[in-house]
Amino acid sequence: MENKVIDTTNFILNEDLILAKQTVKDQEEILRKLGGLLYEHQFVKDSYTKAVMEREKVFPTGIATSVTGVAIPHTDSIHVNRSAIAIATLEQPVVFEAMGYPGKNIENVTLVMMLAIQDPKKVMEVIRLIMKIFTTESILNSILDACSAQAVQEAFYHGLN
C-alpha cells in the first residue's frame, strides 16, 4: 500500500510519523518514540528530542479537552530540518503538565502531536490549526478510535478541512 503524505504549506504528516494505539509507561517514552521517528526520517537534528524534553519542563504542553488530554510538544526551530508532525495515540494515558498552569497535571493524555516546525513564524499558525482539531469532538474521537496510522492520518486530514 502506498504511504500517503499530507503536505500542507506548513508541515508534512505521513504514515511513517504516526503511532496508533501505543502502550508507553510515561511521557518521556512517548517523547523519545516520536522524536526518534522524526529523526529517523530526517525531519529533525539529533538534538531535537532532548531539546523537546527540556522545553517541556519549562513550557509544558498538556491540554485538557472535552474528550481526552492532549499534548503538543515541540521545541525551537534550530533543531528542525524540515517541518512535520508526528502523532501518537495511546492505549493508556500518560501525564503531561498543563500548558499555562504550572504545577497542574493533565492526567489523561492519550493523544500526542509532536511538532517539528522549521519556520519559527509558523509555529503559532500550526498550533491554531491543531487546536481546531482538539476542539472538534467528532474529529478527536475519530483520531483516538483509529487503529492504524492510515486511519489516524485520514481523521487528522478530515479535521483540517
Side-chain angles (χ1 to χ4, degrees), residues 6 8 10-38 43-44 48-49 51-77 79-80 83-117 120 122-161:
I6 294 175
T8 71
N10 295 323
F11 61 87
I12 289 175
L13 172 65
N14 70 42
E15 293 173 31
D16 293 335
L17 301 177
I18 299 172
L19 301 172
K21 303 293 185 185
Q22 289 292 293
T23 300
V24 296
K25 66 180 188 284
D26 58 22
Q27 176 193 112
E28 182 178 334
E29 185 177 356
I30 195 58
L31 293 178
R32 287 188 187 284
K33 280 187 171 193
L34 290 175
L37 284 178
L38 288 164
F43 286 98
V44 298
Y48 176 82
T49 301
V52 168
M53 290 193 290
E54 290 301 313
R55 186 185 187 285
E56 196 67 31
K57 292 174 188 173
V58 180
F59 299 107
T61 62
I63 302 167
T65 74
S66 60
V67 175
T68 190
V70 298
I72 49 172
H74 55 283
T75 193
D76 298 325
S77 59
H79 303 283
V80 177
S83 295
I85 296 179
I87 299 175
T89 60
L90 306 177
E91 286 284 359
Q92 301 298 318
V94 296
V95 176
F96 273 76
E97 191 172 335
M99 181 186 292
Y101 296 94
K104 180 180 183 218
N105 287 337
I106 306 297
E107 304 280 341
N108 65 334
V109 173
T110 58
L111 176 60
V112 181
M113 292 187 176
M114 184 178 273
L115 311 182
I117 307 300
K122 299 282 187 183
V123 173
M124 286 312 299
E125 188 175 330
V126 172
I127 289 174
R128 276 193 293 279
L129 184 67
I130 289 172
M131 292 303 286
K132 177 182 163 194
I133 290 171
F134 291 167
T135 57
T136 308
E137 285 186 20
S138 60
I139 300 299
L140 199 49
N141 281 321
S142 293
I143 291 170
L144 294 171
D145 292 342
C147 293
S148 69
Q150 180 182 8
V152 170
Q153 183 189 41
E154 288 172 5
F156 183 88
Y157 184 72
H158 182 69
L160 297 178
N161 297 313

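The structure presented is a predicted model; accordingly, all values stated were derived computationally and were not measured. Starting from 1, each residue takes its place in the sequence as its number.
Side-chain contact between His74 and Ile127 is present, with at least one heavy-atom pair separated by less than 4.5 Å. In this structure, the side chains of Ile85 and Leu17 stay at 4.5 Å or more apart for every pair of heavy atoms. The shortest side-chain heavy-atom distance between Phe43 and Asp16 does not fall under the 4.5 Å cut-off. The side-chain heavy atoms of Met99 and Ile72, taken from C-beta on, include a pair separated by under 4.5 Å. Val70 has its side chain within reach of Leu140: a pair of non-hydrogen atoms, C-beta onward, lies under 4.5 Å apart. Residues Leu37 and Met114 fail the side-chain proximity criterion, which asks for heavy atoms closer than 4.5 Å. Gln22 places none of its side-chain heavy atoms less than 4.5 Å from the side chain of Leu34. For the pair Val80/Ile117, no side-chain contact is recorded, criterion being any heavy-atom separation below 4.5 Å from C-beta on.
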*asked:* Between Thr61 and Glu56, does the side-chain hydrogen bond (donor to acceptor under 3.5 Å, both in side chains) criterion hold? Intermediate values first, please.
replied: CA-CA 7 Å; Thr61 62; Glu56 196 67 31; 2.9 Å; yes
*Using the side-chain contact (heavy atoms from CB on, under 4.5 Å) rule, take Leu111 and Thr65 through it: C-alpha gap first, then chi angles, then the decisive distance, then the call.*
CA-CA 11 Å; Leu111 176 60; Thr65 74; over 6 Å; no
*Mind running side-chain contact (heavy atoms from CB on, under 4.5 Å) on Met131 and Ile63 for me, showing each step along the way?*
CA-CA 10 Å; Met131 292 303 286; Ile63 302 167; 3.8 Å; yes
_salt bridge (Lys or Arg N to Asp or Glu O under 4.0 Å) for Lys57 and Glu54? Distances and angles first, verdict last._
CA-CA 5 Å; Lys57 292 174 188 173; Glu54 290 301 313; 3.1 Å; yes
*Test side-chain contact (heavy atoms from CB on, under 4.5 Å) on Gln27 and Met53 and set out the steps.*
CA-CA 9 Å; Gln27 176 193 112; Met53 290 193 290; over 6 Å; no
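Closest heavy-atom contact between Gln153 and Leu13: NE2-O, 3.0 Å. Heavy atoms only, all atoms of each residue included: Gly69 and Ile106 are closest at CA-CG2, 3.7 Å. Taking each heavy atom of Ala149 and Ala20 in turn, the nearest pair found is N-CB, 4.1 Å. Between Glu97 and Lys104, the closest heavy-atom pair is CG-O, 3.3 Å. Nearest heavy atoms, Ala155 versus Ile139: O-CG2, 3.7 Å. In terms of heavy-atom proximity, Val44 sits nearest to Gly35 at CG2-O, 4.2 Å.
Taken to the nearest 0.5 Å, the CD atom of Glu154 stands 10.5 Å off from the OG atom of Ser142. Rounding to the nearest 0.5 Å places NE2 of His79 at 10.5 Å from OG1 of Thr49. The structure places OH of Tyr48 at 10.5 Å from CG of Asp76, a figure rounded to the nearest 0.5 Å.
Under 3.5 Å, the side chains of Thr23 and Glu91 contain no donor-acceptor pair of N or O atoms.
Judged purely by atom type and a 3.5 angstrom limit, Lys21 uses its side chain to pair as donor or acceptor with the backbone of Leu144. Formation of a donor-acceptor pair under 3.5 Å by the Ser148 side chain with backbone atoms of Ala151 is found in this model. In this structure, the side chain of Asn105 does not engage the main chain of Glu107 through any donor-acceptor pair within 3.5 Å.
Looking at Arg128 and Glu125, no side-chain N of the basic residue comes within less than 4.0 Å of a carboxylate O on the acidic one, giving no salt bridge.
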